[in-house]
Structure formats: C-alpha cells, structure tokens
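Report on the following structure.
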Amino acid sequence: MQCFRALRYFSVWSQVPMGPADPILGVAAQFKADPSSTKVNLSIGAYRDNDGKPVVLDSVKRAEQIIKEKKLDNEYLPVEGLQSFIDASIKLGYGDAYYAQNGKSIAGCQVLSGTGAVRLGFEFAKKFLPQGTKVYMPNPTWPNHHNIARMAGLEILEYRYFDPKTRGVDFSGLVEDLNKAQNGSVILFHACAHNPTGCDLTTAQWTQLLDLTKKKNFLPFFDMAYQGFTSGDVNKDAEAVRLFTAQGVPIVLGQSFAKNMGLYGQRTGCLSFVCANQQEREKVVSQLKLLARPLWSSPPLHGARVADIILNTPELNQLWLQEVKMMANRIQLMRVSLANNLKNLGSPHDWSHISKQIGMFAFTGVGPEHVKELIAKYHIYLLSSGRISIAGLNEGNVKYVAEAFHDVTKNTKL
Amino acid sequence: MQKLQLLQNQFNPTSDDIFFHIVQAPPDPIFGIANAYKADTSNTKIDLGVGAYRTDEEKPYVFEIIKKLEKEVVNDPTLNKEYLPIEGLADFNKGCQKLMFGQNSPLIASGQIVTAQCLGGTGALRVGFEFVKRHIPGDVYVSKPTWSNHNQVIERAGLNQSEYPYFDPKTKGFNCAGTIECLSQARMGSIVLLHVCAHNPTGVDPTEAEWLQIADVCKKRRLVPFFDCAYQGFASGCIEKDVFAVRKFAELGFQMIVAQSFSKNMGLYNERVGAVHIVTSNKDISARVLSNLKIVIRTICSNPPAIGARIAAKILTDEKNFNAWVEELKTVTGRIIKMRTLLKQELDNLKVPGNWDHITRQTGFFTFTGLTPEQCDLLTKQYHVYLLRSGRMSMAGITSKNVRYLAESIKAVVQNK
C-alpha cells in the first residue's frame, strides 16, 4: 500500500505548463468577477437586448413548444446529423434558386456550431488536399481560426485585410498578397460581418476576388457566422457566397446559428462542400463522417431540431427573419449612437468608422494601454485589440461608454 | 435558355477537380448496420446492432425522469441559451465527479480531479487523447477486441496503438494472464485503455482480484490508466459496484484519465452528454491541466451543448431525482438481464450445439456470441437478424416476442442448414 501512496507524489502531469487563457473568454470571466455596478461587457460576441439581457427568440421558443408536443425520442442522430436541418441550412446559405438546381451535389454535415464547421472542414482539407496546401487567413481574424488550423496540422499564412490608418479594408494589399499566394490554396473568407474588424468587402471587391480565385484555382472557405445578423437581410449577407457559386466555383461553407438564431449554447452549425455531382457528394459525405465519428460520434440534436422547425415552418421562418432584422437594426442604432456621442463630446478623433463598420464587432482603434485604463478605471471590458461587441451597448450605457472612451483618448493618438 | 445558362454555370469536373480523387469511405461498422436494418422490409427482422436500449416492444426508451426534467429545463424562464464555459456546466461537472469517484471522495475535496464536460463518450475520449498527445509521451494499449471507434479516435489524435489480449475465445472470458504478461512488457509510461465495466464488445469484465493484478502491473511499469466508462449501472445493476475499478485505482493513488458517458445510462444519446476527468497529484497541477484541456476543447467545439448537461445535472445534484433515476435504471438493466436468461433457456431447450453459458455470464449491453463472421452474415441475410460480424449482439434488442425466433435462427446457422 505504501508503494501505491508514493504514486501520488510522482506526478504524471508535472511537465504540463500553464496554458494561456483564451483571449476572448478570459476577458468575459474577468467581467463576471467584477463587483462594480457600472461595469459594461463589450467583450463577448453574444447579442444583448436594450436592457443588457440575453435574448431567447420567440421563434425559438415556439419551435421548442412544437418539439415538446411531438414527444420525440432521444436516439442517436446519424453521424452526419439531422438531414432535414442540413438541407434547410444549405438552402438558407446558398439561396433557393441555386439549391433547387444544385442541392443534390452539395455535401453537408451537421457540426458543433461555427467552431465545429471550421474544425471538420480543416481536418478534411488536411486529409484530402495535396500535401503542402496552404491556408490563407485575413489579418486579423478570429483567433480560434489559427488554433484550429494548427490542431488540424495545416500551414497558415496571412493576407492583409485591415488597414489601421483608414480603419477599413486594405484591398490593394489583400489583392497583392493573394496574387502571390500558391495556386490551389485554401482561402478563408468571412462571408459577412468580419470578426473582429467589422469591415466587409463591397460587391465590386468580391467580384475581383472571384476572378482571382478562378485564375489561381483557390478553394474558398467561407465562414458565415452572421447571416441575417449583419444587414438584417439573409440574402444580402450571403451575397459573396452566392456570387462565387453562381459562377460555378466550388466552395466550402461553414454556417453557425449561434448568433442569428440565438442558439449559442446549443452548438448548432452546418458544414458544406460544393461537389461536381451527386456521386461525388456521396463520397465527400462518407469521408466527412469518417472524420466526425472520432470527434463527436454524432452531433447534438436539440438546436438542430429547433433550427429545422424554424426554417421549414413558413410562419416561424417569417417571424425569425423579422427577429434577426430587429437585432441587426438595434446594433446599427448603437453604432450610430456611440459615434454621435463621441462627436458631441468634442472628441479630437474621427469615430465614423464605428458607424461605417458592420455586424457584431467594431475595431475601435483604441490600443492595449487604453483598454487597460477602460477596464481598471471604468469597468468597461473589451479586448486588448480594441475590439468591442456592439451588442453590449444599449441606451442605458452608451453615453457612459462614450464618455469613458473620450476620457482615455482625448489626449492621445489613436 | 435558362437551362443552358444554369448548365453553363455548373463547372466541368475533370481530374483537376479537387475532390475527384476521393473514394467512398466504408460505412461505419456499427451505424452502417443500423442503416441496413432500417432498409430491411422483413417483418421478422431483429436489430441487435447498435448499443441503444429498446423496450420489450422494440421501442426506444426515454427515461420518465428525463422527460420530467427536460420539461423543467425547457420551461425554466430563468434559463437562457448562452454559451456554457469552455469546460462546461459546473454543477454537471461536480455531479459527474461524485458519481464516478464517490460522494465523499477525498480527491474531490483536494482539487485533484480536473473535469470538463464533453460530447458524450466519444468526445471525452478524443479530448483525453488529444491532451495525452500534447503532454505525455507514450503509446496506447487497447484491449483486443475493443469498440471500433477507439482505434479511430486514438489514430486521429496522432498516437500509436497496440493491443493487449483481452478476450480468450476458448473460455469466452477475460484473459487475465495474457493481459498482465503483455502489459508487463509495455514501455514505461504507456497509456492503457481500460473498460470500467460491461466491456464492449465482449461483455466480459475482470473480477475485483483481477483488477488488483492490473493495478499492480500498471504501478510496476508506470502505465497511465485511461478508463472508458459508458455503462455505469448496466453491468451489475449497481452504480457503485460498476465503477469499482476507477475507485480502487484512485484509492491506490493512480493519476489517470476517465471518460464518462451518459448516452446509455440516462438515455441522452443524441444530446451528447459526457465528461472527461483527469486525476492529478495536487490542485496546482490541476489548474495547469485544466487550462490545457480548455485549449483542446476550444478547437473542437469551443464549448459544449447545454441542454443535455442541464438535464443530467438535475439528476446528479438532487437526491429525489437521483433516486428516481437509479430505480428506473435498475428496471432497464433488469430487462436486459432477463433477456440474457431467456435466450440461454431457449438455446438450451432447442439443444443448440455449443456451450452458451457466456450469454448469462457476460454483462452489460453486449454478448460476444462466438459466432463466426460467416455465421453472422448468414444470420443477417437469411434470417434478418442484424448483429456485428465480430459476433457482437446487443442484448437490448431482444424481446420476449423475438427471443425464440432468435434462438431458432442461431441454431440454424450453427448447424448450417
């Protein structure tokens, strides 16, 4: 017995170093721990209403009622997930017309929200694209894109995206970088509401990238986490996806329903690949299943059922479209309000980029030192990159936030 | 004109097509059979494939307590749909620790157990093995045979694996001597994947004395035990007895990993409810281990699905709910044990050649019948009885109505009429 006790003092895990805290979820934890009554959470990308409360959409509540009444069982989903959800999700992403014509050649798989889509997509790319295929990501991008690519064993390179001088897209730099990229590379695009910058490409710019994609045989991987949530119009927000597919370019699409249906904790998403035909689609699905089985065996059902019912019940679908438009509108309102408040306070800086940017996030232009002060002095929590989540603003706190930003930046450069 | 336009928009697949070279993957050995069963139109078909519980009416079963608690969760106005923390629901995690290690385990109080909510048993295994890959050098030893997905998970995590001879086809029991001999030659620091109870696919478990022998060789070779627990409650019918191995190893001071699933014992299959536990030597190391577990989880799903864990937490943290669940589980397990008895009786009555003692000796969902792949193929093609080609039969698919037909079919293929 004594020898066994000695086991406890020898540690199997002694070489394990402390891992870095997640840059985003770490800040949220700090906020939670702060006892201040004026604290504001502008860190995490989750929608809040004008009272600062999380929202469960009515369309979601009604879908859950329907599920309850159906008295369904809890059997395993197939590895690929709920087929009717997958079909509805693909239809939403690619559009009715394209789906009607090409739906049979789109390989789809239900996944663990946007994260799961990227992970499964990258694992598939690593396994089936030629060895040495590179993945290009915008600079900056959601930090987890890098982590996932690393875990999947992919080599990541960056293309210029954000111009800190204009606080908009550095398009000429982007084009230059992609021109130099290896032919056949995977290019990660944010379909809409770029995270973290809020700067999106125009139709003309997307068209240019489409030509470049064809020229260099790129495989575009669209990460679409904010369809509907960006402009308020699901079709407009998927414009880039539809532009590419209309021209016959095969793409990979990752869709998340975390934000646009408020299904955050249900982990509801879809990954799809445009294939040449139905036979190829079947092969691709079979290989996706082979990769998904050792990740999660099969995906969680509840959120997919909710999304499926909403998308396939015309009345609920209409209600949902209204609700997502309402969320997008409130965000837009807060952008304008913050920018106006700062202007009215007599800030020496130009804050118009805040109202020009789009989606959940704004790259305000404040730096790490400003952020430290905002947290310590004003209990306003944002990322050290200067990214704020607009959804955390409301009529109750926007003036306070503007005053705080003004105070920490009035005597400094941005 | 429109059709032509649309046709022109379809790109022409050639060998330049990026997915042109992709071949059809083989169907999953287990889910593939479920699909074949679904497609079969025969009215005598029996599904003994996938390990999911069925009632005596061949219906899936939702625990009454789960139905009740699911309503509570969905109707709770104080709950929203926000993200869980990366490591999952705290109440759920605490409840899992108590169920696995014991209500009063000193390891819980001392902070030596690191727990993260995972996507069922598969998710817990994948997270555990990804963590192993990154932080402790070592190959993995898996039982021969084992659940087919184990091999895939370990491979995808980038680890090497070899087998220890678990099942003795002669005795249709646990090959203790063979296992000990193999592990005693394992490189120091290797990882050993052990089934806590109701071994899948064989249904054969080590006795308590045999577990102590396994512990002994693990101590001698500094092997890291990685326990897979998917059937707590399904082996003996007693939830404490079923996790004897984990609690014994913990008592003996092992640092180890445990993957825990609630798919079967709470019937929460499709909500993907599970947990991974890592037992460390002190709480400072625990903090470091947790931070790294979170990094692994962040790149698979960011954070786990909420609803299943909320329901499970209500069971694990409330005495009344917990007792109701234990009672229901006993009923469910009781039916499986009864089916084992019935099948053996029918086989004996029909004087089917061979020794069928193992059917009642083995425990849990599965029986390793000893049927050959060819006999299994015949069972399926001619008699519409669906099982794995390894001879693994899911006893949960047997009913009082189909057990005689099953016995007759087994007799027929064994005698090869």
Side-chain angles (χ1 to χ4, degrees), chain A residues 3-5 7-9 11-19 22 25 46 54 56 64 68 73-79 101 112-113 115-116 119 128-129 144 147-148 151 219 246 248 250 262-267 275-277 280 282-284 286-287 289-290 293-297 300-302, chain B residues 6 9-11 13 17-19 22-25 28 31 50 52 60 62 71 74 80-84 86 119-120 122-123 126 135-136 149 152-153 156 219 224 252-255 267-272 280-281 285 287-289 291-292 294-295 298-308:
Chain A
C3 337
F4 285 126
R5 281 205 192 94
L7 273 171
R8 264 206 240 289
Y9 302 105
S11 174
V12 175
W13 318 112
S14 57
Q15 300 308 310
V16 176
M18 180 61 89
D22 186 274
L25 302 169
V56 179
E64 287 187 320
K68 222 172 49 173
D73 62 49
N74 283 341
E75 291 303 287
Y76 284 123
L77 276 178
V79 178
Q101 188 60 28
L112 280 279
S113 206
T115 301
R119 177 58 180 262
F128 292 105
L129 294 179
N144 210 19
N147 299 334
I148 298 171
M151 283 293 195
L219 176 61
L263 289 174
Y264 305 94
Q266 306 310 315
R267 320 313 292 123
C275 301
N277 49 50
E280 190 172 278
E282 275 161 28
K283 288 191 246 173
V284 169
S286 74
Q287 293 292 349
K289 284 162 69 167
L290 211 56
R293 179 59 153 141
L295 274 169
W296 47 67
S297 265
L301 175 58
H302 185 78
Chain B
L6 287 165
N9 288 344
Q10 271 282 66
F11 70 100
D17 168 12
I18 30 166
F19 301 133
I22 290 179
V23 295
Q24 182 82 22
D28 183 270
F31 283 128
V50 67
V62 181
K71 273 202 193 88
V74 172
N80 52 48
K81 305 238 176 279
E82 295 301 288
Y83 290 125
L84 287 182
I86 299 177
L119 302 167
T122 300
R126 182 64 178 262
H135 298 288
I136 46 175
N149 204 22
Q152 282 165 262
V153 171
R156 291 302 299 168
K219 183 208 79 171
V224 181
L252 294 172
F254 277 94
Q255 289 150 59
L268 285 170
Y269 306 96
N270 61 25
E271 296 304 350
R272 319 309 298 120
T280 70
S281 58
I285 295 185
R288 304 202 310 252
V289 166
S291 68
N292 286 281
K294 283 161 74 166
I295 289 172
R298 186 43 158 154
T299 61
I300 295 177
C301 65
S302 277
N303 42 72
I307 194 163

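In this text, all values refer to a predicted model and were calculated from it rather than measured experimentally. Just so we're on the same page: letters track the sequence lines, and every chain starts at 1.
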Answer yes when B:D28 and A:K289 have at least one side-chain N-carboxylate O distance shorter than 4.0 Å, and no when they do not.
-> no
Any donor-acceptor pair under 3.5 Å linking the side chain of A:R119 with the backbone of B:T299?
-> yes
Drop me the distance from B:R272's CZ to A:Y76's OH, to the nearest 0.5 angstrom.
-> 6.0 Å
Comparing B:I307, B:L84, B:N292, B:I300 against chain A, the one with the most heavy-atom pairs below 4.5 Å turns out to be B:I300
With chain A, which of B:L119, B:I22, B:V289 has the greatest number of heavy-atom pairs at distances under 4.5 Å?
-> B:I22
Relative to chain A, which segment of B:N149 carries a heavy atom at a distance below 4.5 Å: side chain, backbone, both, or neither?
-> side chain
Roughly how far apart are A:Q266 CD and B:E271 CD, rounded to 0.5 Å?
-> 7.5 Å
When the 4.5 angstrom heavy-atom criterion is applied to B:N303 and chain A, the contacting part is both
If you measure from CD on A:Q287 to CD on B:Q24, what distance do you get to the nearest 0.5 Å?
-> 8.0 Å
What part of A:N144 is in contact with chain B, defined as an atom under 4.5 angstrom from a non-hydrogen atom: side chain, backbone, both or neither?
-> side chain
Which value, rounded to the nearest 0.5 Å, describes the distance between A:M151 atom CE and B:I295 atom CD1?
-> 7.0 Å
Contact origin within B:I136 toward chain A - heavy atom pairs under 4.5 Å = side chain
Leading residue by heavy atom contact count with chain A [cutoff under 4.5 Å; candidates B:A52, B:S302, B:G120] | B:S302
Proximal component of B:R298, with respect to chain A [non-hydrogen, under 4.5 Å] | both
Side chain, backbone, both or neither of A:L295 within contact of chain B (heavy atoms, under 4.5 Å) | both
Contacting moiety of A:S297, where chain B heavy atoms sit under 4.5 Å | both
Considering only heavy atoms, which portion of B:V23 lies under 4.5 Å from any heavy atom of chain A: side chain, backbone, both, or neither?
-> both
